[in-house]
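First the structure, in the form of structure tokens, and then the observations on it.
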Amino acid sequence: MSRIELRVNGRDVEVEADGRTLLTHALRDHLRLTGTHIGCDTSQCGSCTVHVDGKAVKSCTMLAVQAAGCDILTIEGLANGRELHPMQAAFNDFHGLQCGFCTPGMIMMAVDIVNRHGRPDEATVRAELEGNLCRCTGYHNIIKAVCAGAERMGEVA
Amino acid sequence: MYDLGYSRPATLAEALELLQQDDMAQPLSGGQTLMPVLRARLAAPSQLVDIARLDELRQIRPIDGGIEIGAGMTHAEVAAHPVVRAALTALAALAGGIGDAQIRHRGTIGGSIANNDPAACYPSAVLALGARVQTNLRILDAEAFFAGMFATALEPGEIVTAVRFPACAEACYLKFRNPASRFALVGVFAARLGSEHRIAITGGGNGVFRWHAAEQHLDRGADIDSLDAVPLDLANFTGDIHGSAEYRLHIAKVITRRALMQMAGQLT
């Protein structure tokens, strides 16, 4: 066991875990941040997407120790108190979720897309969401929500 | 995952010392292949030596006649880098199409070629462009570096530190994606270096290889459409549930033609 220092959603935290502990397990089991989901065991579904030092990554494909000293943002860190992040609000307004399982990963990825592309067109959003799977196949509304969320994020900034 | 140790040395020298002291230690770069392998318990290294953040591996710089890319540069960084985009547009495009956005944020060029997955994209560029692979011990020609499926010339304790590419304006990488996994069912990197055509094919199943007969055919001035009649050895391809060897061979010919047409500006 080793002591791993992380900065999660703006808070400095310590996790006592094995070297083999995945970042996603450290977040869910040790820090009880269960908004980050585990949908597959093969690095394919993107449900576990979080930001590490500002970049979207799959937290199931990274050890917690690899993230030591990094700044981590999870779905729990997006909203401002009770006020939803513009991307969360857009997913709500455009019915960008059905069962909701993939949604935290979709939203974290969507914010990353906007951070890199500003206001992306539909084709860009579809290409950039390649690493996020929705088993409900609700992609159409997800794409609409991401485009609308991008507009709103632009207005806030 | 089996239990294992982890260290993140501050310098390349320290990392190499750790790897040389322990035969069962495994260098860890972006981990986008290694983590799934470890989770599936397909490998059991004693420890991981994290080299992803080493300054020595994290630069892209112009060199005489080309560019040098540090082994620790991520696919996203290579895809976005102005020096790469200017000198090797096709390589930047290849890097920007690997896996998905999350994977491109962590996966590295050094990790990709050291792993030499038979369906990986990067090995085809390294081979087609005649890039040279710099390790902590030596410089290897691409031909000498790749040694078949998941095999390279790397010795225990030896790691890739950088890859040196020649600048090349006439080059194109195209892949035919497996519709489910989105991996390259077949990928082709076509290039023209001076008067010499180079075609490297990945995804065949036995590891990246060059289609020499087609290269010579094109060097003699033959047109792209006549490539179909040029022999391509079926032994370079294997079959699986995603496609037979014959199917892969057929796709390789089609994709080669398309890549050459795109290179020549005949197809956009």
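Because the structure is predicted, anything quoted here is derived from the model rather than measured. Each chain gets a letter, A, B and so on, in the order the sequences are listed, and its residues count up from 1. Quick note: numbers below take in every heavy atom, side chains included, and nothing from hydrogens, waters or symmetry partners.
- No donor-acceptor distance shorter than 3.5 angstrom exists from the side chain of Arg182(B) to the backbone of Gly131(A), with no hydrogens or angles considered.
- With rounding to the nearest 0.5 angstrom, the NZ atom of Lys58(A) is 13.0 Å from the CZ atom of Arg106(B).
- Comparing Leu129(A), Ile113(A), Val52(A), Asp41(A) by heavy-atom pairs within less than 4.5 Å of chain B, the highest count is held by Asp41(A).
- Counting heavy-atom neighbours within 6.0 Å of Glu14(A) CD, excluding the residue itself, gives a total above 12.
- Within a 6.0 Å sphere centred on CZ of Arg39(B), other residues, nucleotides and ligands contribute more than 12 heavy atoms.
- At a threshold of 4.0 Å, the pair Glu130(A)-Arg177(B) counts as salt-bridged, since one of the basic side-chain nitrogens sits closer than that to a carboxylate oxygen.
- Neither the backbone nor the side chain of Leu34(B) comes within contact range of chain A; no heavy atoms are under 4.5 Å apart.
- Summarising the local packing, NE2 of His117(A) is surrounded by more than 12 heavy atoms from other residues, nucleotides or ligands at distances under 6.0 Å.
- Residues Arg8(B) and Ala68(A) share a closest heavy-atom pair of NH2-O, 3.4 Å.
- Heavy-atom distances place both the backbone and the side chain of Met62(A) under 4.5 Å from chain B.
- Of the listed residues (Ala56(A), Ala127(A), Cys60(A)), the one with the most heavy-atom contacts under 4.5 Å to chain B is Ala56(A).
- Considering CD of Gln66(A) and CZ of Arg53(B), their distance stands at 8.5 Å, rounded to 0.5 Å.
- Screening Thr61(A), Asp112(A), Asn132(A) for a side-chain hydrogen bond (donor to acceptor under 3.5 Å, both in side chains) with Gln102(B), the sole residue that qualifies is Asn132(A).
- Annotation: side chain of Met1(B) is in contact with side chain of Leu63(A) (closest heavy-atom distance under 4.5 Å).
- With a threshold of 4.5 angstrom between heavy atoms, Leu22(A) approaches chain B through side-chain atoms but not through N, CA, C or O.
- Residue Arg119(A) qualifies as enclosed at atom CZ: its count of foreign heavy atoms under 6.0 Å is above 12.
- Heavy-atom contacts from other residues, nucleotides or ligands closer than 6.0 Å to CG of Asp55(B) number 12 or fewer.
- Heavy atoms closer than 4.5 Å to chain A are found in both the backbone and the side chain of Asp3(B).
- With a 4.5 angstrom heavy-atom cutoff, Leu38(B) does not touch chain A via any of its atoms.
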